[in-house]
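So you know, we letter chains A, B, ... as the sequences are listed, proteins then strands, and number each from 1. Nothing here was measured: the structure is a model prediction, and the numbers come from that model.
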Amino acid sequence: GAVVSQHPSWVICKSGTSVKIECRSLDFQATTMFWYRQFPKQSLMLMATSNEGSKATYEQGVEKDKFLINHASLTLSTLTVTSAHPEDSSFYICSASGSGYEQYFGPGTRLTVT
Amino acid sequence: GDSVTQMEGPVTLSEEAFLTINCTYTATGYPSLFWYVQYPGEGLQLLLKATKADDKGSNKGFEATYRKETTSFHLEKGSVQVSDSAVYFCALTLLQGGSEKLVFGKGTKLTVNP
């Protein structure tokens with residue numbers, strides 16, 4: 001149980017375009033979802049926390065207008081990278097938690113901006 | 001602020017060798033401590049956890065003891081297998097805004113050779 005999926009697993013987009021990444025909890029209701037960014041040989045850095053039906057809470061230094069997060073249902077959250085640039089290329093990971101506090105992680109999405 | 005420091009890798013061992021990956025933390029209050037594992041191409045999975053001082057978390061032959069006096073949570077396994085090859089992350093949780101926020105170390109890549 002407690003499976004989280006992400007789609008797509010990898011995406012390449014051109015500079016200036018937007019790209020949407022989906023995160024789904026497949027077998028539980030996720031009241032809270034988290035979005036992380038992972039650079040090569042670096043730790044996961046929390047970008048934002050979202051609760052179903054409310055606005056996301058962004059970490060300091062994360063541009064909320066660039067990284068749009070929507071958590072419209074208890075099983076789906078989306079991260080949209082708007083006007084992507086090469087420096088946005090990274091590995092994006094989501095996690096979800098339900099009634100307990102434990103976070104279950106998705107497999108990640110590799111974004112490459114050319 | 002709260003942080004996690006873990007030994008830098010990569011770590012390369014032969015099968016059946018003893019493994020130690022060091023992890024120390026800095027935190028206000030009394031965090032819970034975790035080890036996550038990320039196998040190639042997969043999302044992070046919780047390996048073990050400890051919620052209070054002197055607790056020992058264990059799973060799949062791995063162990064870690066919450067040492068408050070040394071602010072440490074070192075991961076150990078007596079005899080590693082090739083299938084243990086993965087990246088290991090030490091983490092702590094903070095209760096923030098009604099949800100638990102994970103703070104990760106940078107990760108340690110382990111390669112086990114046959």
Side-chain angles (χ1 to χ4, degrees), chain A residues 1-10 21 23-26 30-62 71 77 91-110, chain B residues 1-11 21-26 29-52 57 59 73 86-111:
Chain A
V3 178
V4 176
S5 70
Q6 281 185 242
H7 178 79
S9 55
W10 60 271
I21 302 169
C23 175
R24 293 182 186 271
S25 57
L26 299 184
T31 51
T32 306
M33 286 187 166
F34 304 82
W35 286 96
Y36 295 84
R37 185 170 177 177
Q38 185 180 23
F39 293 99
K41 299 183 180 180
Q42 296 288 323
S43 179
L44 281 75
M45 296 187 62
L46 180 64
M47 298 174 66
T49 303
S50 72
N51 293 296
E52 184 265 339
S54 61
K55 289 184 178 180
T57 301
Y58 289 81
E59 295 298 302
Q60 193 171 13
V62 178
H71 189 172
S77 176
F91 195 56
Y92 293 88
I93 300 173
C94 75
S95 69
S97 63
S99 56
Y101 285 121
E102 184 169 343
Q103 294 183 33
Y104 300 94
F105 286 81
T109 297
R110 171 78 59 194
Chain B
D2 299 309
S3 65
V4 174
T5 302
Q6 63 182 101
M7 65 185 285
E8 297 211 10
V11 174
I21 301 178
N22 290 335
C23 171
T24 57
Y25 67 90
T26 302
Y30 303 98
S32 293
L33 302 174
F34 302 79
W35 277 100
Y36 283 85
V37 58
Q38 186 177 30
Y39 297 104
E42 299 184 15
L44 272 74
Q45 301 173 25
L46 177 63
L47 180 60
L48 54 85
K49 67 179 181 182
T51 58
K52 61 183 188 296
N59 185 25
F73 193 54
V87 181
Y88 293 82
F89 292 90
C90 185
L92 61 80
T93 53
L94 311 168
L95 188 59
Q96 181 169 320
S99 61
E100 286 206 338
K101 173 182 171 180
L102 278 166
V103 176
F104 288 91
K106 290 189 175 182
T108 303
K109 184 176 182 180
L110 170 66
T111 300

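- To the nearest 0.5 Å, atoms NZ (B/Lys49) and CD (A/Glu102) are separated by 5.0 Å.
- The environment of OH in B/Tyr30 is sparse: at most 12 heavy-atom neighbours from other residues, nucleotides or ligands sit within 6.0 Å.
- Neither the backbone nor the side chain of B/Phe34 comes within contact range of chain A, judged by heavy atoms closer than 4.5 Å.
- Heavy-atom distances place no part of A/Phe39 under 4.5 Å from chain B, backbone and side chain included.
- In this structure, no portion of A/Gln6 lies under 4.5 Å from any heavy atom of chain B.
- Residues B/Leu44 and A/Leu44 meet the side-chain proximity criterion, which asks for heavy atoms closer than 4.5 Å.
- Residues satisfying the side chain to side chain donor-acceptor pair (under 3.5 Å) criterion with B/Glu8, sequence neighbours excluded, are absent altogether.
- In this structure, chain A has no heavy atom under 4.5 Å from any part of B/Gln45.
- In this structure the side chain of A/Phe34 never reaches within 4.5 angstrom of the side chain of B/Leu102, judged on heavy atoms.
- When heavy atoms are compared at a cutoff of 4.5 Å, A/Ile93 approaches chain B solely by way of its side chain, counted from C-beta outward.
- Heavy-atom minimum distance, B/Gly105 versus A/Ser43: O-OG, 2.7 Å.
- Residues B/Phe104 and A/Gln38 fail the side-chain proximity criterion, which asks for heavy atoms closer than 4.5 Å.
- Scored by the salt bridge (charged side-chain N to carboxylate O under 4.0 Å, His left out) test, B/Lys109 finds no partners at all (sequence neighbours excluded).
- Within a 6.0 Å sphere centred on CE of B/Met7, heavy atoms belonging to other residues, nucleotides or ligands number more than 12.
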